[in-house]
**Q** 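Please see the structure below; I have some questions.
One-based numbering along the sequence shown.
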Amino acid sequence: MRKPRVGRMFLATCVFSFFILILYFQNNPRSATEQILGRTNLPEKSRRSPLQTLYDSDQLDQSAVASVLQGRRELLEQACRSHTRKRRLLTPEDLRHLIVDDKHNLLYCYVPKVACTNWKRVMMVLTGDGRYREPLAIPANEAHVPGRLRSLSEYTKAEINLRLRTYLKFVFVREPFERLVSAYRNKFTRNYNVAFHKRYGTKIIRRHRVNPQPEAQEKGNDVTFEEFVYYLVDPRTQKEEPFNEHWERVHSLCHPCLIHYDVVGKYETLEQDSQYLLKLAGADQEVQFPVFSKSTRTTGDMAAKFFDNISPFYQKKLFNLYRMDFLLFNYSTPAYLKLK
């Protein structure tokens, strides 16, 4: 007759111990898994990922940079909820622009004309196992060679999901029309970009120039900004092929409403955002982001001059094309546009 009582006492002891464990784990900042695996003696740096550091910083770090980055993340999430009708599954093609750093647990979505050459150089230093030490010592063309950096699209589905869940994901963005003018200046007004002149310039001139000269049709090296705008807003353009990455919209390159970016850096605050991000990754002693002033950098005033010859009708069509980038990344409508 004593056995049932012993069983009840044993059950009560187990239940009591279970609740004690729950209370212990709830009041301990380390994960239960780490404690069970006996990892509590590891150094702090090796236990914490950049992702953990960032979200702990949201609670503890009251610096101006931390607050701004948190605000951008929240605004992006709000804009996605307001302006995205339905979600879809990511495809491998969606992940081509995400560069992986497995050593520091980072995913970087590169956007051309937003300091992406220097960020690729930095990623080559971080992932290069000592092959690269100084970002600016890496030639710009080498930073863009396929295979130098690994894309998330190259991983298996399970590996992709793991990295999307546990790595710190970041992207750098820029005022959309400044980026667009920068792309035009670089690809269509520089003599050395013969490949762009041949592939895109000849097509733009044949389609959008009245009575083009034979030499212009053959070389494609004197495309005007006005002709470039006509090409972008022409419905035939995207039906034939996707936009080139240099003028593709950021939301189409990096899918910020499908991928939760933890850090949204901006070209306008490039230096401070880059330094903060490298510090989060624990890589600020390994590499410094190269920042140098360029007198040829495209500014808002410069962009405004390029729009002087664009009619209000085409200004509006172009703005509608890039509208989501303005909304998602909290850029104001440029004052020089005549949209009304």
**Q** Would you please test Leu253 and Val171 for side chain to side chain contact (heavy atoms under 4.5 Å, CB included) and show each step?
**A** CA-CA 10 Å; Leu253 291 175; Val171 61; over 6 Å; no

**Q** Can a side-chain donor-acceptor contact be found between Thr156 and Glu159 if the only test is distance below 3.5 angstrom?
**A** yes

**Q** For Pro256 versus Cys80, what's the shortest heavy-atom pair and its separation?
**A**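 Where Pro256 meets Cys80 most closely, the heavy atoms are O-SG, 3.8 Å.
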
**Q** Passes side chain to side chain contact (heavy atoms under 4.5 Å, CB included), Thr298 versus Arg185? Steps please.
**A** CA-CA 9 Å; Thr298 301; Arg185 294 178 65 218; 2.8 Å; yes

**Q** Between Phe188 and Phe228, is the gap from one ring center to the other below 6.0 Å?
**A** yes

**Q** Under 4.5 Å between side-chain heavy atoms, counting indirect links through other Ile/Leu/Val/Met/Phe/Trp/Tyr residues: same cluster for Val291 and Val114 or not?
**A** yes

**Q** Could you tell me if the side chain of Leu98 sits less than 4.5 Å from the side chain of Ile259, heavy atoms only?
**A**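 SC-SC contact between Ile259 and Leu98 confirmed.
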
**Q** Quick check: are there more than 12 heavy atoms from other residues, nucleotides or ligands sitting under 6.0 Å from CZ of Arg133?
**A** no

**Q** Within 45 degrees of the axis of the six-membered ring of Tyr155 and under 6.0 Å from its centre: does Arg150 put its NZ or CZ there?
**A** yes

**Q** Nearest 0.5 angstrom please: Ile99 CD1 to Met124 CE, how far?
**A**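 If I round to the nearest 0.5 Å, the distance is 10.0 Å.
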
**Q** Strictly by modelled atom types, are Glu74 and Gln78 linked by a side-chain donor-acceptor pair under 3.5 Å?
**A**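 Looking only at side-chain atoms, Gln78 and Glu74 do not form any donor-acceptor pair under 3.5 Å.
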
**Q** Using a strict threshold of under 4.0 Å (side-chain N to carboxylate O), is an ion pair present between Lys103 and Asp101?
**A** no

**Q** Taking all atoms of both residues into account, what is the closest heavy-atom pair of Gly128 and Tyr132, and its distance?
**A**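 So the two residues come closest at CA-CD1, 4.3 Å.
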
**Q** Among side-chain atoms of Asp102 and Tyr167, is any donor-acceptor pair under 3.5 angstrom?
**A** yes

**Q** Has the side chain of Ser151 got a donor or acceptor atom that lies under 3.5 Å from a matching backbone atom of Glu154?
**A** no

**Q** Ring centroids only, cut at 6.0 angstrom: are Trp247 and Tyr200 within range, meaning strictly under it?
**A**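 Distance test on ring centres: under 6.0 Å, yes.
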
**Q** Do you know which two heavy atoms are closest between Gln238 and Phe243, and how far apart they sit?
**A**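 Scanning both residues, the minimum pair turns out to be CG-CE2, 3.4 Å.
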
**Q** Is Gln315 reaching over with its side chain to a backbone N or O of Phe307, donor-acceptor style, under 3.5 angstrom?
**A** yes

**Q** How close do Thr117 and His144 get, counting heavy atoms only, and between which atoms?
**A**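 Here Thr117 and His144 meet closest at OG1-NE2, 2.8 Å.
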
**Q** Checking the side chain of Arg179 only, and the main-chain atoms of Pro112 only, is there a donor and an acceptor separated by less than 3.5 Å?
**A**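 Checking the backbone N and O of Pro112 against the side chain of Arg179, a donor-acceptor pair under 3.5 Å is found.
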
**Q** Surrounding CD of Glu240 (heavy atoms of other residues, nucleotides or ligands, distance under 6.0 Å), is the total greater than 12?
**A**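 Enclosed.
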
**Q** Sub-3.5 Å donor-acceptor pair from the side chain of Thr269 to the main-chain atoms of Gln272, do we have one?
**A**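 Side chain of Thr269 to backbone of Gln272, a donor-acceptor pair under 3.5 Å: no, none is there.
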
**Q** Determine whether a donor-acceptor pair (N or O, by modelled atom type, separation under 3.5 Å) exists between the side chain of Asn193 and the backbone of Asn186.
**A** yes

**Q** Closer than 3.5 angstrom, by distance alone: can the side chain of Lys187 be matched with the main-chain N or O of Gly201 as a donor-acceptor pair?
**A**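 Not at all, since once roles are kept as given, no pair shorter than 3.5 Å links the two residues.
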
**Q** Is Arg199 salt-bridged to Glu241, cutoff N-O under 4.0 Å?
**A**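 The answer is yes: the pair qualifies as a salt bridge.
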
**Q** What's the spacing between Arg174 CZ and Leu270 CG if we round to 0.5 Å?
**A** 10.0 Å

**Q** Membership question, hydrophobic clusters at under 4.5 Å side-chain separation (ILVMFWY): are Met302 and Tyr267 in the same one?
**A** yes

**Q** Return yes when atom CZ of Arg209 has more than 12 non-hydrogen atoms of other residues, nucleotides or ligands closer than 6.0 Å, and no otherwise.
**A** yes

**Q** Is there a ring pair (Phe, Tyr, Trp, His ring centres under 6.0 Å) between Phe170 and Tyr261? Walk through the geometry before answering.
**A** CA-CA 5 Å; Phe170 70 99; Tyr261 285 96; 8.7 Å; no

**Q** Does the distance from a Lys or Arg side-chain N to an Asp or Glu carboxylate O, for Arg88 and Asp94, drop under 4.0 Å?
**A** yes

**Q** Could you go step by step and tell me if His104 and Glu286 meet the side chain to side chain donor-acceptor pair (under 3.5 Å) rule?
**A** CA-CA 11 Å; His104 300 88; Glu286 297 176 52; 2.8 Å; yes

**Q** Is the number of heavy atoms from other residues, nucleotides or ligands under 6.0 Å of Lys203 NZ greater than 12?
**A**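 Count over threshold, so yes.
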
**Q** With side chains defined as the heavy atoms from C-beta onward, is the minimum distance between Cys257 and Leu328 less than 4.5 Å?
**A**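 They are in contact (side-chain heavy atoms under 4.5 Å apart), so the answer is yes.
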
**Q** Considering only NZ, NE, NH1 and NH2 on the basic side and carboxylate oxygens on the acidic side, decide whether Arg72 and Asp273 come within less than 4.0 Å.
**A**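 Answer for the salt bridge query: yes.
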
**Q** Centre-to-centre under 6.0 Å for Tyr331 and Phe177, is that the case here?
**A** no

**Q** Tell me whether Asn191 at atom CG has more than 12 heavy atoms from other residues, nucleotides or ligands lying less than 6.0 Å away.
**A**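 It does not: Asn191 CG has 12 such atoms or fewer within range.
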
**Q** Check for a donor-acceptor pair, side chain of Asp325 on one end and backbone N or O of Val250 on the other, with a separation under 3.5 Å.
**A**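 Checking the backbone N and O of Val250 against the side chain of Asp325, a donor-acceptor pair under 3.5 Å is found.
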
**Q** Determine whether Ser63 and Tyr276 make a side-chain contact, defined as any pair of heavy atoms from C-beta on separated by less than 4.5 Å.
**A**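 Of all side-chain heavy-atom pairs linking Tyr276 with Ser63, at least one is under 4.5 Å.
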
**Q** Answer yes or no: is there a side-chain heavy-atom contact under 4.5 Å between Ile138 and Val125?
**A**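 Answer yes - side chains close enough.
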
**Q** Quick one: does Tyr184's side chain have a donor or acceptor within less than 3.5 Å of a partner on Phe225's backbone?
**A**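 Checked: pair present.
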
**Q** So, do Leu318 and Leu180 sit near enough that their side-chain heavy atoms are less than 4.5 Å apart?
**A** yes

**Q** Which pair of heavy atoms, one from Leu278 and one from Val287, lies closest together, and at what distance?
**A**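 Scanning both residues, the minimum pair turns out to be CD1-O, 3.8 Å.
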
**Q** For the aromatic rings, using the six-membered ring if either is Trp, is the centroid distance between Phe172 and Tyr108 under 6.0 Å?
**A**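 Ring-ring flag for Phe172/Tyr108: false, centres at least 6.0 Å apart.
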
**Q** Please confirm whether the backbone N or O of Met123 pairs with a side-chain atom of Thr127, one donor and one acceptor, at under 3.5 Å?
**A**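 A pair under 3.5 Å: yes.
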
**Q** Show, in sequence, the C-alpha distance, side-chain angles and deciding distance for Phe196 and Asn244, and conclude whether the side chain to side chain contact (heavy atoms under 4.5 Å, CB included) test is met.
**A** CA-CA 10 Å; Phe196 269 82; Asn244 180 275; 3.8 Å; yes

**Q** Charged N to carboxylate O under 4.0 angstrom, Lys169 versus Asp262?
**A** yes

**Q** At their closest point, which heavy atom of Ala183 faces which heavy atom of His246, and how far apart are they?
**A** CB-O, 3.4 Å

**Q** Evaluate whether atom CD of Gln213 has more than 12 neighbouring non-hydrogen atoms of other residues, nucleotides or ligands under 6.0 angstrom away.
**A**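 At most 12 heavy atoms, drawn from other residues, nucleotides or ligands, come within 6.0 Å of this atom.
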
**Q** If the test is salt bridge (Lys or Arg N to Asp or Glu O under 4.0 Å), which one of Arg148, Lys120, Arg121 qualifies with Glu142?
**A**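 Checked Arg148, Lys120, Arg121 against Glu142; only one passes salt bridge (Lys or Arg N to Asp or Glu O under 4.0 Å): Arg148.
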
**Q** If only side-chain N and O atoms count, and only distance matters, is there a donor-acceptor pair under 3.5 Å linking His97 with Glu245?
**A**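 Short answer, yes.
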
**Q** Checking side chain to side chain contact (heavy atoms under 4.5 Å, CB included) for the pair Leu107/Leu168: CA distance, chi angles, key distance, verdict?
**A** CA-CA 6 Å; Leu107 292 177; Leu168 187 144; over 6 Å; no

**Q** Could you check if a side-chain atom of Thr202 sits within less than 4.5 angstrom of a side-chain atom of Lys219, using non-hydrogen atoms only?
**A** no

**Q** Ring centres under 6.0 Å, that's the criterion: do Phe289 and Trp119 meet it?
**A** yes

**Q** Is a donor on one side and an acceptor on the other found under 3.5 Å between the side chain of Arg73 and the backbone of Val263?
**A**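 Looks like no, no N/O pair under 3.5 Å.
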
**Q** Regarding Arg236 and Tyr231, do their side chains bring together a donor and an acceptor under 3.5 Å, going by distance alone?
**A** no

**Q** Counting heavy atoms not belonging to Asp301, are there more than 12 under 6.0 Å from its CG?
**A** no

